[in-house]
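For reference, the structure discussed in these notes is given below.
Quick note on labels: first sequence line is chain A, next is B, and so on, each numbered from 1. All values derive from a computational prediction rather than experimental measurement.
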Amino acid sequence: MVMIDSPAIKERSTVSTVMFTVILGLLPALFLQIGFFGYQILGNLFVGIGFALFLEAVCLKLRNYPIRPFILDGSAFVTAWLLIISVPANIPIWTLLIGIFFSIVVAKHAYGGIGSNPFNPAMIGYAVLLISFPKIMTNWPISDGFDIRNFIQFSQFISIENINEAYDAIVSATPLDQIKTSLFLGKEVNALGISLSTLSSYQMIAILYFLGGLFLVYKKVITWHLPLSLILSIYIFSGLLHLYDQNTYMSPLFHLLNGATFLAAFFIITDPVSSPTTLKGKIIFGILIGLITVIIRNYGGYPDGIAFAVIFMNICVPLIEKFTQPKVFGYE
Amino acid sequence: MTEYFLIIISVVFVNNIVLTKILGLCPFMGVSKKLDTSISMSAATAFVLTIGSITSWLINYFLLVPYNLEYLRTISFIVVIAAVVQFTEMVMEKNYPYLYRVLGIFLPLITTNCAVLGIPLLNAQLSYNLLEAAIFGLGGALGFSFVLILFASLREKFEGANIPNAMKGSAIAMLTAGLMSLSFMGFIGLDRL
Amino acid sequence: MEITDKIFKFFGGIKPNGHKAISTINPIKRLPIPKKLIIPVRQHVGKVPNIKVSVGDKVLKGQILAEPIANISAATHSSSSGTVVAIESNKIPHPSGLPDLCITIETDGKDEWIKRNRIDPSNLSSEALYETMKSSGIVGLGGATFPTHIKLNSNKIKTLIVNAAECEPYITCDDMAMQEKTKEFIEGIQITMDILKIPHAIIGIEDNKPKAIEKLKTVLNKSKNISIKVVPTVYPSGDEKRLIYLMLGLQISKEKRPVDFGIQVFNVATLISIGRFFYHSEPVISRVVTVTGALKRPNNYEALIGTPIQELIKDAGGKSDQEIIMGGPMMGFKLPHTNVSVTKAMNCLLAITDEMKSKDTFEMPCIRCTKCVEVCPAQLQPQELYWHAKSNQFEKLTEDYKLFDCIECGCCSYVCPSNIPLVQYYRYAKSEIRDQLKSSEVADIARERNEFRLYRLEREKKERAERNAQRRAQTSDSDKKKLIEEKKAAIAEAMKRIEEKEK
Amino acid sequence: MIAAILIILSITALIGLILGYASIKLKTDGDPIIDRIDKILPQTQCGQCGYPGCKPYATAIANGEADINQCPPGGDDGVQKLADLLGVEYKPLNAEHGETKPKSIAIIDESTCIGCTLCIQACPVDAIIGAAKQMHTIVEKECTGCELCLPPCPVDCIDMVELPETTDNWKWKYPIHSIRQQN
Amino acid sequence: MNEYKIILKTISIISLLGLVFAVSLSITFEKSNPLIEQNKIEFKTKLLNEILDGLDYDNDLIDSYISIKPNELLKNKTETNAYLAKKNNILQAVLIESIAPDGYSGDITILTAINSNDEIIGSRIIDHKETPGLGDYIDQKKSTWIFNFNGMSLSNRADLDWRVKKDQGTFDYKAGATITPRAVIKSVKNTLIFYKENRELFND
Amino acid sequence: MIREQLQDGLWKQNAGLVQLLGLCPTLAVTVNITNGVALGVATIFVMMLSNISISPIRNYVPESARVPIFILVIAGLVTIVDLSINALSKPLYDALGIFIPLIVTNCIVLARVEAFASKNSTLPSLYDGFFMGLGLTFVLIILGAVREIVGNGTLFQNLHFLIGDKYEFLTIQLFDSSDGFLLAALPPGAFIALSALILFLNLVNQNR
Ligand SMILES: Cc1cc2nc3c(=O)[nH]c(=O)nc-3n(C[C@H](O)[C@H](O)[C@H](O)COP(=O)(O)O)c2cc1C
Ligand SMILES: Cc1cc2nc3c(=O)[nH]c(=O)nc-3n(C[C@H](O)[C@H](O)[C@H](O)COP(=O)(O)O)c2cc1C
Ligand SMILES: Cc1cc2nc3c(=O)[nH]c(=O)nc-3n(C[C@H](O)[C@H](O)[C@H](O)COP(=O)(O)O)c2cc1C
Ligand SMILES: Cc1cc2nc3c(=O)[nH]c(=O)nc-3n(C[C@H](O)[C@H](O)[C@H](O)CO)c2cc1C
Ligand code: SF4
Ligand code: SF4
Ligand code: SF4
Ligand code: SF4
Ligand code: FES
């Protein structure tokens with residue numbers, strides 16, 4: 001006998017549709033990434049997602065949950081994908097797998113799997129890697145511009161060894177990192193020769209994240225509150241600093257187009273499980289992540305602080321929700 | 001002014017007394033099951049911490065240093081702190097009996113909250129002046145209360161989560177503390193400015 | 001309160017496919033009088049009425065079978081003439097599947113009425129009116145089955161709202177009744193206005209019932225004191241408080257009732273019953289039931305209370321093993337047994353369709369997507385309600401998240417991508433909380449009685465001690481010694497016994 | 001050495017003075033926690049906890065003499081609530097004190113009852129009415145189901161009956177198709 | 001009366017215990033303190049000797065030092081001691097502590113030994129908070145990088161050589177961590193400059 | 001009795017894993033085994049001494065000054081230990097840092113004094129101090145080992161601080177420390193490792 005609870009009818013959308021819409025939003029940027037940096041990232045995605053699904057299955061088995069529906073829900077897929085595109089493509093595969101282990105097993109299944117994790121799994125994986133392997137995590141492959149041959153030319157599917165020596169020819173720090181280093185050494189911003197008239201590879205990818213994000217808003221997978229509040233917050237706070245001193249603080253536009261700003265705004269802080277559910281809460285969450293990010297970028301030890309800001313704000317979610325409960329119909 | 005601000009930033013965020021300096025963990029784990037109790041506990045601890053760091057500073061400065069008796073720091077600081085706690089406890093039992101009951105074994109354990117002795121000792125080690133010591137104590141109290149309350153609010157939520165049985169209780173709490181500590185690593189460098 | 005043309009759109013709500021056309025093709029149909037009527041004694045919220053007949057009695061149509069014993073209670077009438085053949089527990093349409101007391105009548109086919117005389121409410125004092133209404137058996141036919149005489153017994157009412165929204169998919173009984181019984185409907189509204197002594201009423205009707213709107217508009221053309229407000233089709237606009245907001249822009253929480261604001265809401269069928277009661281002296285003995293869903297000939301039926309539903313289903317072209325939902329697809333519940341009979345609350349019988357059966361019932365954990373928040377018309381946080389209900393954190397549910405403001409409309413479940421039976425969790429939590437409240441009341445009584453007993457025993461002991469002391473004062477010293485020795489001996493003996501026992 | 005001794009002595013003496021004084025001035029009396037515990041207990045007054053009633057058990061818990069898991073009528077829920085109130089770890093019901101049974105009430109078989117009044121004396125809530133040598137009855141609403149009236153009855157005329165489920169006391173069940181596979 | 005007794009009892013027992021511990025602690029302290037002081041000295045001498053790398057001197061290093069006030073080159077925040085190694089009362093080498101404030105994560109404390117030819121005998125990192133595994137290769141415990149300074153002086157190296165290879169200098173660095181070595185190099189160089197400019201301080 | 005105390009101390013009531021007391025040193029100093037052992041031994045020593053010092057005077061302690069008196073005794077003992085370690089091995093003293101004086105506030109010490117020594121006679125109190133301390137020491141050692149191996153690639157680093165310079169060869173280098181999993185050596189790693197240990201204990205208990 002079929003169990004029928006009220007209501008007996010239901011809209012046809014499932015967790016999988018939600019998750020795979022997110023992947024769809026990420027695809028265009030992936031295309032650019034391959035064009036710029038080579039198809040190594042494909043190898044990482046292939047191995048990394050495979051490992052994520054494997055870990056997911058193992059955890060489900062151990063916890064006595066049915067495997068199929070939870071593998072098919074696509075959440076591990078999204079988590080792994082987001083982690084992989086946040087780390088340098090030339091990362092040794094073992095390192096990446098450690099990150100995935102922390103995402104799926106420690107940050108997700110230890111807390112009870114999908115829906116129960118208070119922290120953003122991908123960001124936990126990222127932060128663990130950044131703290132443990134700073135050298136690997138700050139050396140990105142250098143791009144010679146978009147090159148269609150990157151899709152076919154054989155370089156390396158995945159990397160296995162550590163980059164122990166300085167391969168200045170093939171790796172470099174990200175723009176945010178470089179700026180930080182230069183400022184550290186006492187240079188002034190306008191002497192750095194960074195102009196926004198030509199877009200770097202990172203910036204073009206960021207723009208595609210923005211477009212992919214708009215797609216998610218259009219598809220109603222996310223609401224505008226989180227992305228907008230984060231973007232505005234970063235823009236305003238870095239803008240204030242820039243106004244205060246143009247020589248030591250980069251322009252707000254630079255902060256928007258570099259680092260993980262757009263990726264985070266649309267794909268990371270919007271993780272429904274670990275972000276607040278109330279509208280006011282979402283706005284506070286976005287603003288504070290932006291503020292912390294700007295502070296870390298300008299004053300802290302890490303070139304980009306979004307991952308830490310996200311995890312830190314994850315901790316605050318229950319309190320934020322507690323204080324931003326909307327009024328119930330009929331109550332003042 | 002800025003240096004006082006930096007002291008606070010440092011003990012609350014960068015070198016958070018609980019998550020980075022790893023002090024005061026037992027009450028952090030023990031009194032974080034419910035938000036309400038954690039708030040009362042942080043108030044009590046904050047009180048003792050601030051008073052404790054001031055009195056300890058006075059003892060250190062006026063009694064121990066002049067006579068070269070630094071080796072008596074531990075014993076004199078802690079005895080005074082214990083007395084402050086005991087006194088607080090008595091006042092609480094008299095005036096807020098219910099709170100007293102709920103904080104239970106953890107009230108006397110404020111005495112053995114490592115942070116409560118750790119901060120005065122650090123004060124002495126860093127040779128802070130009285131104002132700095134007081135601010136350091138207050139900052140430590142803030143840092144403790146801040147993470148305790150956040151932690152409690154998180155743990156309350158866990159009751160509805162599908163946490164695996166073997167992880168329930170202290171294991172998940174410890175893991176959460178670890179991940180909180182991980183996020184506080186992101187503040188590295190902010191105490192310099 | 002100013003009444004304007006403005007529609008105040010409420011927050012949330014959903015727009016499921018209506019499926020209303022299939023049951024409005026044919027007019028309301030009457031079936032021949034069934035051989036047996038099984039009439040549940042209680043068909044309302046409130047106290048069980050007192051049974052007035054016994055097995056073997058001959059009863060006439062409209063005769064009282066059971067009489068209300070308290071204020072919140074209602075009468076039950078015989079729907080046709082015949083003989084009472086049984087008064088026993090029987091299956092009733094209830095989600096629990098539990099039986100309840102029913103009166104079974106074998107009809108004689110004569111359909112003979114008891115004597116009726118028309119009642120004019122304007123001639124009656126308010127007490128007399130109240131008593132008359134109490135015996136009418138009229139309860140809210142919109143589904144809540146709350147006794148109507150209580151809702152009418154107020155002189156604070158300023159606004160009468162007629163709930164003609166009928167927002168649930170599939171259901172068309174109010175729509176058809178308004179089209180075919182327009183006169184009785186308007187009469188009902190008029191009488192209700194007279195009883196409440198108010199000059200004006202508003203009919204709230206969803207814009208997916210153009211025919212009924214048309215008909216009402218033409219009939220009401222001349223009348224100024226009954227107006228129509230057409231509201232957009234959004235489920236659950238038919239919920240009392242949502243409807244009040246739609247009409248008047250006034251939000252009412254669970255803590256308040258519409259009466260507190262001088263508003264009373266009645267369902268179409270209730271008003272028709274009121275009309276029939278005062279113009280034709282007819283208590284509630286039948287109602288319009290929509291029989292629809294996966295059937296060959298969906299239709300509306302004017303069914304006698306107590307009619308076995310199988311007769312309706314068979315007539316609508318269904319099979320006897322068909323799975324049936326009582327009520328609409330959103331709020332209705334699946335009948336645990338389909339050999340039950342029509343009751344006052346039964347507005348719709350919905351044969352489960354393949355689409356409903358194929359509903360994915362695999363429940364995933366909540367991913368906090370807040371789709372449910374976006375549709376909750378009570379502006380609650382369904383995901384929080386779920387989170388705390390599933391882990392039995394009842395205190396938080398009532399205090400922080402206002403569980404009891406949930407109207408169980410099912411919008412949240414409808415949109416939830418994780419397929420969570422949210423409403424079931426809320427119902428479970430509500431039952432548990434109510435039960436806990438009840439047992440704590442019982443416990444309070446027990447505590448009081450226990451304390452009183454202890455106090456009594458204490459007092460008795462003291463009294464006895466006093467009496468003994470008096471007696472002792474009267475006895476002499478030697479007597480005392482003797483007494484003490486006797487006691488000692490008794491104690492020694494007792495000790496010995498205990499020792500033996502221990503061995 | 002002298003300085004050390006003097007300093008420590010002055011600190012300790014001062015502390016001794018303050019605390020000794022405080023211990024006299026800040027003496028407390030009464031413990032409001034007992035009432036809060038009693039409020040959680042089911043008031044069946046059955047004595048299964050090892051105390052003569054709910055209030056004595058509450059007092060024992062407050063004084064730290066009894067564990068929180070000794071009241072079978074309160075069930076696991078009750079233990080959980082006590083644990084929450086007192087901020088201690090939940091522990092399963094102690095089986096030594098019996099197990100939780102569905103709520104029942106006592107019924108006297110009136111044809112057998114000899115009217116000895118023994119059960120009246122046993123009932124902790126005075127739920128039994130009747131006078132000597134007359135048939136007794138139990139007020140259904142007031143009976144807590146404590147079973148204390150069973151042993152004293154010389155003719156075994158009292159039975160415990162479980163309250164049947166009706167549409168009035170029926171409760172919605174926990175949704176059954178949960179994600180977890182039954183194992 | 002009774003109240004007095006309670007107070008008195010409290011005071012006496014706590015004071016009695018205080019007395020016991022005051023006595024036993026002072027005894028322990030008096031017994032252990034010489035050892036502790038000696039340990040401290042040994043530790044320091046060992047470190048200094050290691051930097052001096054077998055240099056021949058005959059004075060007691062720990063006792064022969066001058067205080068240096070906070071200054072711009074050494075970036076010391078409080079007065080620090082510079083130790084003097086002498087043979088036959090002739091200055092053989094000085095050991096100067098400097099701080100590199102622009103390390104990646106805070107101050108790096110460096111001790112540098114300079115011989116009478118103004119050449120560096122050796123440098124050691126005393127304290128640093130650089131990222132483990134990334135910036136901490138400057139630490140002698142982790143790599144030999146710091147020994148690159150051995151034998152360098154302001155005169156025997158060009159300005160350019162006091163740079164990491166990335167800035168066309170001679171110093172190795174690890175990819176992704178150039179801030180740390182730059183800071184250390186700058187600080188060591190400044191120490192030499194300080195010594196050159198304040199030579200008279202040491203020669204009295 | 002003694003068997004029960006052993007079981008309680010090492011397993012059922014283990015300070016670090018079950019009672020969650022004495023956490024600060026457990027987490028803070030366990031970057032390597034040596035620190036763990038050293039602090040563990042110091043703690044055992046203090047626990048035994050404080051238990052046997054307080055047990056005999058337990059009946060003379062006025063309620064109002066209970067904790068201050070206990071803590072006075074503990075602090076005195078700790079200072080003695082502190083001075084001794086400083087005299088015996090300076091590098092070790094530097095490595096353990098502020099955590100030696102903080103044994104005073106190690107919750108488990110006062111907790112045992114309150115829960116056991118102030119209610120029992122001297123000999124059982126001695127055992128209690130020993131077993132409870134031993135239980136904590138085991139946790140310290142396991143955590144130290146795990147964090148040292150994973151984070152630094154070594155085992156028994158600095159052991160010679162404890163037992164003399166000639167044993168420096170005991171340090172085992174498993175892999176290049178710059179390839180270590182740094183997290184393990186940092187505070188978050190300490191928490192996570194202890195969490196894993198508690199998980200392990202729960203699993204074992206579940207399966208029994
Ligand atoms: C338990 C209960 C008590 C009620 N008490 C009153 C009342 O005192 N006065 C009144 O006018 N209506 C009363 N009502 C009727 C409600 O106001 C409302 O009209 C009725 O519940 C139907 O609404 P619904 O189907 O949306 O739930 C009561 C309803 C219930 C269920
Ligand atoms: C979600 C929900 C939807 C409802 N929809 C309708 C409806 O479409 N038509 C209706 O008459 N009553 C509906 N009701 C019941 C009304 O709230 C209310 O009980 C009724 O209008 C009161 O009239 P009555 O006492 O005459 O039944 C609904 C109730 C709920 C909770
Ligand atoms: C977490 C983290 C820690 C770092 N630690 C150091 C460090 O200790 N020392 C250092 O020189 N650079 C460190 N860096 C690297 C700098 O940010 C910067 O990338 C580098 O110094 C510039 O090197 P390049 O000139 O080779 O590009 C760190 C970077 C990150 C993200
Ligand atoms: C809009 C959206 C954003 C998401 N972002 C993240 C993310 O940042 N990190 C992550 O691990 N999972 C993300 N997920 C996937 C999923 O929510 C996550 O695996 C859950 O946290 C697992 O419980 C996202 C899903 C959606 C629908
Ligand atoms: S719609 Fe379902 S999954 Fe989404 S928040 Fe609501 S309950 Fe959770
Ligand atoms: S069922 Fe309750 S919680 Fe869900 S949408 Fe309706 S009112 Fe809101
Ligand atoms: S066991 Fe019986 S007497 Fe004891 S607390 Fe529970 S109900 Fe009351
Ligand atoms: S009647 Fe019997 S079972 Fe009921 S309360 Fe009294 S003694 Fe207990
Ligand atoms: S050891 Fe318990 S608080 Fe530090």
Distance (rounded to the nearest 0.5 Å) between D/Q43 CD and C/S440 OG:
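Rounded to the nearest 0.5 Å, the CD-OG separation comes out at 10.5 Å.
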
Atom NZ of D/K55 and atom CZ of C/R447: how far apart are they, to the nearest 0.5 Å?
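Going from the NZ atom of D/K55 to the CZ atom of C/R447 covers 7.5 Å.
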
Quick one: are [X] and [Y] in side-chain contact, heavy atoms under 4.5 Å?
X	Y	result
D/K141	C/V442	no
C/R42	D/D168	yes
C/N450	D/T144	no
D/Y174	C/K390	yes

C/R453 and D/D126: CA distance, side-chain angles, deciding distance, salt bridge (Lys or Arg N to Asp or Glu O under 4.0 Å) verdict:
CA-CA 7 Å; C/R453 179 183 137 92; D/D126 289 341; 3.8 Å; yes

Can you see which heavy atom on [X] is nearest to which on [Y], and at what distance?
X	Y	result
D/T167	C/S96	CG2-OG, 4.0 Å
C/H94	D/W170	CE1-CE3, 3.7 Å
C/Q424	D/P175	CB-CG, 3.7 Å

Check whether [X] gets within reach of chain D through its side chain, its backbone, both or neither, counting any heavy atom under 4.5 Å.
X	result
C/Q436	side chain
C/A389	backbone
C/L457	neither
C/E448	neither
C/S439	neither
C/R456	side chain

Above 12 or not: heavy atoms from other molecules or residues under 6.0 Å from [atom1] of [X]?
X	atom1	value
D/E140	CD	no
D/Y21	OH	no
D/E65	CD	yes
C/E88	CD	yes
D/E96	CD	no
D/K173	NZ	yes
C/K254	NZ	no

So what's closer than 4.5 Å to chain C heavy atoms on [X]: side chain, backbone, both or neither?
X	value
D/T166	backbone
D/C123	backbone
D/P42	backbone
D/Q80	neither

Salt bridge or not for C/D435 and D/K103, using N-O below 4.0 Å?
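Answer for the salt bridge query: no.
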
Closest-packed option against chain C by number of heavy-atom pairs under 4.5 Å, given D/T44, D/L41, D/D38, D/N169
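Option with the top pair count is D/D38.
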
Determine yes or no for a side-chain-to-main-chain donor-acceptor pair under 3.5 angstrom, with C/S431 supplying the side chain and D/W172 the backbone.
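Pair found, side chain donor or acceptor close to backbone of D/W172.
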
